[in-house]
Amino acid sequence: MNILVINAGSSSLKYQLLNPDSGVLLAKGLCERIGIDGKFTYKPQAEGKEVLKAVDVAMPTHSEAIQAVLNALVDPKNGVVGSMKEIDAVGHRVVHGGEAFAGSVLITDEVMKALEDCIPLAPLHNPANITGINACTAVMGKEVPQVAVFDTAFHQTMPPKAYMYALPHAYYEKDKVRRYGFHGTSHKYVSTRAAAMLGKKPEEVKLISCHLGNGSSVAAVDGGKSVDTSMGFTPLAGVPMGTRSGDVDAGILQYLMNKYGMDIDQMLDVLNKKSGVEGLSGVSSDFRDLENAAEEGNELAILARDKFAYEVKKYVGAYAAAMGGVDAIIFTAGVGENDGGIRTAICQGLEFMGVKMDPATAGIRGEEAVLSAPDSSVKVLLIPTNEELMIAMDTAAIASGK
Ligand code: AMP
């Protein structure tokens with residue numbers, strides 16, 4: 001079975017064609033500047049096939065972008081499948097499923113209506129995801145099954161004490177203000193892999209999943225279910241990120257807005273785009289740049305890395321307490337998969353709860369590995385995330401009626 005995985009943004013569209021049974025990736029790429037001047041990138045994963053990099057293709061709307069993707073995939077010379085018939089289903093990454101979706105779902109007219117209802121919760125992302133689905137329907141027809149896979153769905157198992165804010169209850173009842181959590185597809189994928197690496201069933205293990213990338217979140221996964229996570233009503237909450245502040249005292253907003261005459265949009269722009277490790281260090285949102293600056297003695301770069309590791313460590317401790325123990329801590333995403341220094345800093349001082357790192361593993365990058373010492377009672381695992389494969393697996397299961 002071949003699944004086309006689509007991640008549609010407002011003017012871009014990422015795609016992968018993969019086989020979820022074998023895990024084999026056939027092709028991937030990107031449509032950029034949709035509605036502007038259209039740039040198309042195509043990377044077939046077979047030898048002898050031509051790679052296209054940001055070539056000009058007219059894409060006034062997402063429909064032409066999808067058509068360009070399909071043309072490339074079935075192209076007689078450089079394509080990776082013989083015809084459209086070999087694309088069995090399409091899986092869409094959808095950012096917000098609200099409380100309506102606790103799992104992936106076959107897209108129907110009713111589901112489209114429910115997705116529209118979720119737009120106020122993710123006004124920047126969900127409209128683009130809906131446009132991507134409509135474009136696929138327009139180009140591929142209704143016969144090809146399409147599945148929505150939500151960033152929020154995995155966290156719908158959180159208990160009320162984890163997802164409720166201590167705000168007047170009416171804001172939840174009337175306005176659905178609650179913690180939703182994000183990166184669910186990634187947390188689900190790595191926690192499933194972690195159980196396999198431990199030789200256990202997901203139901204048998206307590207895990208803390210640290211997805212540390214440009215956006216970062218930590219999740220407590222007990223018995224295969226998310227029971228708490230650091231992002232909240234929006235992806236701004238939790239640990240500091242590349243440019244996002246993570247948790248701050250809401251009183252700061254009033255203080256700064258009054259002092260500098262900012263409106264709430266300007267204030268949120270600061271919190272989303274000018275804060276995090278970039279804002280704190282004044283260097284960069286990229287942890288490689290921070291590490292270089294730190295090595296050269298830049299004190300704010302050192303502070304930003306320390307602050308990041310410290311806040312992630314606090315979530316690890318909190319979630320171990322919330323679950324009454326932990327079997328393994330997982331590191332994934334760009335920083336978690338590559339930055340041994342940050343992983344070491346997070347785990348340093350957690351010996352009291354049974355975490356003992358193997359110093360020889362600090363240099364390991366981008367491959368599944370056990371990072372803890374053999375006598376560590378809590379295992380520390382490096383698991384590269386693969387959200388596209390998770391989306392393809394869910395899509396295949398739903399499209400084939402499993
Ligand atoms: P992601 O959002 O998962 O794609 O992660 C992107 C981030 O990972 C980048 O902004 C970098 O901060 C970080 N990153 C990528 N490669 C490395 C590396 N070799 N060492 C440290 N950080 C890295």
Side-chain angles (χ1 to χ4, degrees), residues 7-14 32-36 61-62 93-100 114-132 150-152 155 163-184 211-218 229-286 289 300 304 307-308 311:
N7 183 354
S10 57
S11 67
S12 70
L13 184 150
K14 286 189 211 143
E32 288 169 289
R33 299 177 64 84
I34 300 170
I36 313 168
T61 72
H62 284 65
R93 175 181 183 225
V94 180
V95 169
H96 217 307
E99 288 191 319
L115 291 184
E116 302 267 350
D117 292 342
C118 290
I119 288 177
L121 296 171
L124 295 180
H125 293 103
N126 272 31
N129 301 150
I130 291 170
T131 304
F150 301 93
D151 260 17
T152 50
H155 300 300
Y163 71 69
M164 288 299 292
Y165 289 111
L167 290 170
H169 198 255
Y171 291 133
Y172 170 66
E173 278 171 26
K174 280 204 299 201
D175 307 307
K176 298 281 171 227
V177 171
R178 51 161 285 177
R179 180 188 306 282
Y180 289 100
F182 299 87
H183 292 145
H211 177 113
L212 312 178
N214 207 15
S216 295
S217 71
V218 185
T229 191
S230 59
M231 283 180 169
F233 178 67
T234 73
L236 177 56
V239 297
M241 309 178 207
T243 63
R244 279 173 253 168
S245 62
D247 294 334
V248 293
D249 177 351
I252 296 171
L253 278 65
Q254 184 196 34
Y255 177 75
L256 289 179
M257 287 165 73
N258 284 342
K259 185 153 187 197
Y260 294 109
M262 284 190 276
D263 63 23
I264 189 66
D265 290 335
Q266 291 169 313
M267 186 71 242
L268 279 174
D269 199 57
V270 171
L271 296 176
N272 273 306
K273 299 189 183 146
K274 302 193 173 103
S275 299
V277 292
E278 178 172 299
L280 185 53
S281 67
V283 173
S284 169
S285 63
D286 192 304
D289 298 337
L300 289 179
K307 172 74 179 166
F308 178 79
E311 294 298 331

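Just so you know, these numbers come straight off a predicted model, no measurement behind them.
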> Are T229 and Y180 side-chain neighbours, meaning at least one heavy-atom pair lies under 4.5 Å?
Replying inline: no
> So, T152 side chain and G97 main chain: donor-acceptor pair closer than 3.5 Å or not?
Replying inline: yes
> Would you say R33's side chain and S11's backbone share a donor-acceptor pair under 3.5 angstrom?
Replying inline: no
Sequence neighbours left out, cut at 3.5 Å: what donor-acceptor pairs do the side chains of residues 272-282 make with other protein atoms?
unit_1, atom_1, unit_2, atom_2, d
N272, ND2, L268, O, 3.3
K273, NZ, D269, OD1, 3.4
K274, NZ, D269, OD2, 3.0
S275, OG, V270, O, 2.6
E278, OE1, S285, N, 3.3
S281, OG, V277, O, 2.7
S281, OG, V283, N, 2.9

[atom1]/[X] to [atom2]/[Y] distance, rounded to the nearest 0.5 angstrom?
X: M231; Y: M241; atom1: CE; atom2: CE; value: 4.0 Å
X: N7; Y: L13; atom1: CG; atom2: CG; value: 8.0 Å
X: E99; Y: Y163; atom1: CD; atom2: OH; value: 6.0 Å

>> Going by the rule side chain to side chain contact (heavy atoms under 4.5 Å, CB included), which residues pair with N126 if we only count those two or more places apart in sequence or in a different chain?
In response: V94, V95, H96, C118, I119, A122, N129
> Can you name the residues that form a side chain to side chain contact (heavy atoms under 4.5 Å, CB included) with T234, not counting sequence neighbours?
Replying inline: L236
>> Tell me every residue that passes ring pair (Phe, Tyr, Trp, His ring centres under 6.0 Å) with H183, counting only those two or more places apart in sequence or in another chain.
In response: H211
> Looking only at heavy atoms, what is the nearest atom pair of A237 and G232, with distance?
Replying inline: CB-N, 3.6 Å
>> On a heavy-atom basis, which atom in P240 and which in K307 lie closest, and how many Å separate them?
In response: CG-CG, 4.3 Å
Solution key, residues 245-257 side-chain donor-acceptor pairs under 3.5 Å, sequence neighbours excluded:
unit_1, atom_1, unit_2, atom_2, d
D247, OD1, G238, N, 2.8
D247, OD2, Y315, OH, 2.7
D249, OD1, G251, N, 2.8

> How would you list, by chain and number, every residue that makes a side-chain hydrogen bond (donor to acceptor under 3.5 Å, both in side chains) with K14, sequence neighbours excluded?
Replying inline: none
> Can you tell me if OH on Y171 sees more than 12 non-hydrogen neighbours from other groups inside 6.0 Å?
Replying inline: no
